[in-house]
Protein chains: 2
Amino acid sequence: MDHETSLRNERKRGSGVKVVYDILRDEILDLELPPGSPIDEVQLSERFGMSRTPIREALVRLAGEGLIDTLPNRSTMVSQIDFLNMHSYFDALVLMYRVTTQLAAKYHRPEDLEAVRALQIEFANAVEAQDALAMISTNAALHLAIAEAGRNPYFTSLFLRLLNEGRRLLRLYYQSYNDQLPRRFVEEHDEIIAAIEARNTELAERLAREHAEQIVSQIQKLLMREERLDVSL
Amino acid sequence: MDHETSLRNERKRGSGVKVVYDILRDEILDLELPPGSPIDEVQLSERFGMSRTPIREALVRLAGEGLIDTLPNRSTMVSQIDFLNMHSYFDALVLMYRVTTQLAAKYHRPEDLEAVRALQIEFANAVEAQDALAMISTNAALHLAIAEAGRNPYFTSLFLRLLNEGRRLLRLYYQSYNDQLPRRFVEEHDEIIAAIEARNTELAERLAREHAEQIVSQIQKLLMREERLDVSL
DNA sequence: TGTATTTAATTTGTCGACAAGAAATATGCA
DNA sequence: TGCATATTTCTTGTCGACAAATTAAATACA
């Protein structure tokens, strides 16, 4: 009996949905469940050792965030990454980088910066260790912490969705993170954090914009390369 | 037997959740279910003539959009309107007005403008008839149609959420929409639509910003008045 | 009478089962 | 053999029931 099903009996009432939701969400974002993977309710209920009801509730929440697609009366599967409308994604991502960083410079409190700095150290360590997966997730966590310091839940929730989507995207290409580029991100983060601390909203916004555009152009390069590969097949 | 329960037998499989979701959503946004109202699952299942399972699924979706709050193992109720952090709301609303209108000027197609114009006529009619509820909902529909012409689903979905929240807010104060102000909105809409059609992104963005700030300052005036009333009690 | 502890009632979370719809398979017919 | 139709299998949507958690009521005790 594996760990998940062994929790069957000791599970607190009401905790089942959250467990299933968190695990599936991570598996989708880490591409352990790649886009298009079929989601079978009975299979999941066997795996997690619970009935289909809490499984379904977790699936409804995942569908609400666009992580899975549900065809009525038919199969449900992990949602595809939309490569055709990628520019919409980049537009939204850059704008949210800018606005959340700007607001962080305006509204942050000292304790916010502590959390941000801790994550920046984690990110630097991941870069040093060349651990691409850790880089991806700590980078998202860092920028989310900055967004939270900006104290606008509307922007923060959209940004979270975009960062998650990006986590999936970057996971596709994490091999190509290798040489000098990550270190540059570490330096850019330091500059952004300094601007936030100095409450220099204009500078923070500009740095965030440049940082975001760096990332976007990097992803676009990877996409281009991949598209060329596709064509050449 | 009322209309809703009479549909019990003729209901298509899978349609139940959507029906409950749509009806509850509208009732919440129209303040027929005011903030704080208790949501009882068995009561709803009796009202809609179906079991608790589809009701619960609809509630999970509503909770995902922040329209209801659920305390584990305890009651669930219509979420409060957060008057304390209203500036976050206004910041997000103004930015989404600006960016969606700008993108509409850039990416719209002829058929988009037809839909927008139809809604603008509806809005003008509502203003003429001094029908505040129709004004609120057609205004939201109009700006959502503009956002859809901009073709960025990330912005559109956040904007939808904000417009819904605003629908609830405005519904609180719809009495005070009376004299010359609404007509000004009609004119501003016309100018915005013209700028979009001319593909003048800068002008469209500026007009949308001014329009949004008009609306925000109007709401703020109403809030101020209300706050003063509260204090004087 | 007031407070603490038990008991009952209410409401949510979970379960197992059944039925409807769609896909896969099998059958009938030219 | 090729195609249309019927049957079976599989998955989802819905149901009614039960159990756990919480709240309200009732009882006991100082």
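Just so it is clear: chains get the letters A, B, ... in the order the sequence lines come, proteins before strands, and each one is counted from 1.
- When rounded to the nearest whole Å, the span between CZ of Arg56(B) and C1' of dT12(C) equals 6 Å.
- What you find for Thr156(B) and Ala147(B) is that their closest heavy atoms are OG1-O, 3.6 Å.
- Looking at heavy-atom distances under 4.0 Å, Thr76(A) makes contact with sugar-phosphate atoms alone, never a base.
- In terms of modelled atom types and a separation under 3.5 Å, the side chain of Arg56(A) and the main chain of Pro54(A) share no donor-acceptor contact.
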From CA spacing to verdict: salt bridge (charged side-chain N to carboxylate O under 4.0 Å, His left out), Glu27(B), Arg47(B): CA-CA 14 Å; Glu27(B) 288 182 354; Arg47(B) 172 180 167 196; 2.7 Å; yes
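- Scanning all heavy atoms of the two residues, the minimum distance from Leu119(B) to Ala145(B) falls at CD1-CB, 3.7 Å.
- Comparing Pro54(A) and Glu41(B) against DNA chain C, the residue whose closest nucleotide sits nearer the 5' end is Glu41(B).
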Base versus backbone protein contacts along nucleotides 16-23 of chain C [heavy-atom cut-off under 4.0 Å; B, S, -]: -B-BBSSS
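- Salt bridge Glu114(A)/Arg117(A): absent, no basic N to carboxylate O contact under 4.0 Å.
- In this structure, CG of Asp40(B) is placed 18 Å from P of dT22(D), rounded to the nearest angstrom.
- Heavy atoms of Ile39(B) sit under 4.0 angstrom from primed sugar atoms or phosphate atoms, though from no base atom.
- With respect to the salt-bridge test (charged N to carboxylate O, under 4.0 angstrom), the residues Arg161(A) and Glu65(A) do not qualify.
- Nucleotide dC15(C) holds its P atom 12 Å from the CD atom of Glu57(A), rounded to whole Å.
- Atom-to-atom, NZ of Lys18(B) to P of dG13(D) comes out at 15 Å; the value is rounded to the nearest Å.
- In this structure, the CD1 atom of Ile55(A) is 12 Å from the P atom of dT12(D), given to the nearest Å.
- We find that CG of Leu44(B) is positioned 18 Å from P of dT10(C), with the value rounded to whole Å.
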